[in-house]
Amino acid sequence: MLRAPRCLLRTSVAPAAALAAALLSSFARCSLLEPRDPGASSLSPYFGTKTRYEDVSPGLLAGTEAPWRDPELLEGTCTPVQLVALIRHGTRYPTAKQIRKLRQLHGLLQARGSRDGGASSTGSRDLGAALADWPLWYADWMDGQLVEKGRQDMRQLALRLASLFPTLFSLENYGRLRLITSSKHRCVDSGAAFLQGLWQHYHPGLPPPDVADMECGPPRVNDKLMRFFDHCEKFLTEVERNATALYHVEAFKTGPEMQNILKKVAATLQVPVNDLNADLIQVAFFTCSFDLAIKGVKSPWCDVFDIDDAKKKGEVLEYLNDLKQYWKRGYGYTINSRSSCTLFQDIFQHLDKAVEQKQRSQPVSSPVILQFGHAETLLPLLSLMGYFKDKEPLTAYNYKEQMHRKFRSGHIVPYASNLIFVLYHCENAKPPKEQFQVQMLLNEKVLPLAYSQETVSFYEDLKNHYKDILQSCQTSEECELAKANSTSDEL
Ligand SMILES: *[C@@H]1O[C@H](CO)[C@@H](O)[C@H](O)[C@H]1NC(C)=O
Ligand SMILES: *[C@@H]1O[C@H](CO)[C@@H](O)[C@H](O)[C@H]1NC(C)=O
């Protein structure tokens with residue numbers, strides 16, 4: 001008997017008709033990929049974690065018909081039997097903190113306008129006055145939430161993955177999807193949008209129901225897994241709440257590269273250089289990135305940097321962003337990556353189980369596992385696995401030497417970035433060890449093994465390589481604060 005897919009609609013869609021119509025029209029829109037990219041600026045390559053997914057996947061902007069398929073992906077006698085995906089939420093609004101800083105900068109420009117009567121002495125276009133008049137459309141309620149473009153990021157990713165791995169995302173497997181998410185709205189909503197994208201894959205033209213009405217239900221929240229950094233006492237004390245842990249970030253903000261930008265921007269905006277600081281410059285830069293990612297428009301805030309040497313300014317601001325990620329999420333401190341051991345082990349527990357089930361000729365109980373989190377979820381895990389490691393640490397003082405660094409958050413964790421583990425069963429392989437193989441994909445491109453540069457690994461070899469992390473990294477121990485040595489007379 002054919003088992004009814006459990007993820008299908010349980011209740012009537014009638015009450016959701018209006019929403020459905022809206023979704024349908026947005027599906028219609030998103031299927032027509034924009035051939036042009038009017039919002040792109042020369043600054044786009046430097047937006048770090050605020051980079052659009054399409055900016056690291058050029059095939060998407062080109063608007064090709066069939067999804068691009070990495071030629072390194074295994075096919076033939078090896079069948080994918082399980083997929084575990086870690087997915088960063090899609091495009092989001094700025095956080096309340098970023099909006100507050102933007103208001104501060106905006107206020108500064110408005111004050112400047114009233115001080116000199118708004119008259120431009122040169123008669124040329126006065127950017128400061130133009131920005132002062134520019135309506136700030138960001139409001140506090142937006143606080144980091146997923147935007148419509150972010151839902152679209154997720155639906156399209158779902159459609160591409162479903163056509164890349166049709167046997168895993170089969171209609172029969174639909175009811176066995178497992179979705180896990182961080183508790184943040186933008187992640188929960190990303191999971192829901194992903195499900196709606198899959199719905200669209202199976203029922204083209206039929207409006208997707210609310211995820212609450214899908215029997216597999218909405219994504220399940222698990223912050224211990226997806227926000228492990230909030231649950232690691234050692235990380236919180238030594239890095240997150242430690243004023244000196246980000247020393248290099250602060251030092252770079254007052255260093256010569258940033259000072260140079262401050263002077264130039266002060267001149268462009270005709271404000272005293274002392275009224276500006278690196279944080280305000282950075283918020284103008286972020287606003288340029290948000291207006292592009294959210295609205296697809298080239299913001300006047302980009303002009304602050306575009307006037308001369310946009311590339312040079314972009315590179316410095318990109319470095320500032322990367323420095324923070326490096327010291328807070330990457331190789332800067334060991335605890336940053338060690339705090340993600342549980343997540344790493346969780347992935348391998350899923351893979352282990354699938355291998356066992358295949359060996360017993362049973363169906364794989366969870367063929368597709370989708371986990372929605374943050375850039376802060378992905379970066380520590382990639383660092384734990386040894387990816388994007390530069391020979392020298394990123395510091396406030398080696399900006400020049402790090403021009404060609406590997407650790408570039410814009411390339412690694414743009415919006416909707418994804419790290420995918422694919423387990424293959426290779427039927428005809430004779431030695432048992434060769435029957436199970438793994439490939440990893442980062443942003444839909446095959447990610448060669450950090451230690452061998454091979455594009456595929458026998459599952460046993462992979463586990464063996466990461467033996468230490470799999471066997472000797474216990475969160476309870478890693479995240480425990482070093483105890484004060486009070487009792488030295490312990491027996
Ligand atoms: C804060 O960070 C600095 C620099 O890494 C370190 O030396 C210090 O021990 C940290 N403080 C705490 C309370 O962990
Ligand atoms: C704890 O105290 C004992 C005795 O004073 C000393 O030998 C030992 O090195 C201390 N351990 C640490 C971690 O400070």
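Atoms within a ligand are numbered from 1 in the order they appear, just like the ligands themselves. What you see is a predicted model; the values in this text were computed from it and never measured.
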Between the protein and ligand 1, which nitrogen or oxygen pairs come in under 3.5 Å, and how far apart is each?
| from | atom 1 | to | atom 2 | distance (Å) |
| --- | --- | --- | --- | --- |
| ligand 1 | 2 (O) | Asn242 | ND2 | 2.3 |
| ligand 1 | 2 (O) | Thr244 | OG1 | 3.4 |
| ligand 1 | 5 (O) | Tyr333 | OH | 3.2 |
| ligand 1 | 11 (N) | Asn242 | ND2 | 2.8 |

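Remark: Glu318 pairs with Tyr46, Asp322, Arg405, Arg408 by the side chain to side chain contact (heavy atoms under 4.5 Å, CB included) rule, at least two apart or across chains. Evaluation of the ring-ring contact (aromatic ring centres under 6.0 Å, His included) rule for Tyr247 yields no partner, not counting sequence neighbours.
Taking the ring axis of Phe348 as reference, the NZ or CZ atom of Lys463 does not stay both within 45° of it and closer than 6.0 Å to the ring centre.
For residues 383-396, the side-chain hydrogen bond (donor to acceptor under 3.5 Å, both in side chains) pairs, not counting sequence neighbours, are Thr395-Asn398.
When all heavy atoms of Ala310 and Ser42 are compared, the pair lying nearest together is CB-OG, 3.6 Å.
Here the side chain of Asn277 pairs a donor or acceptor atom with the backbone of Leu280 at under 3.5 angstrom.
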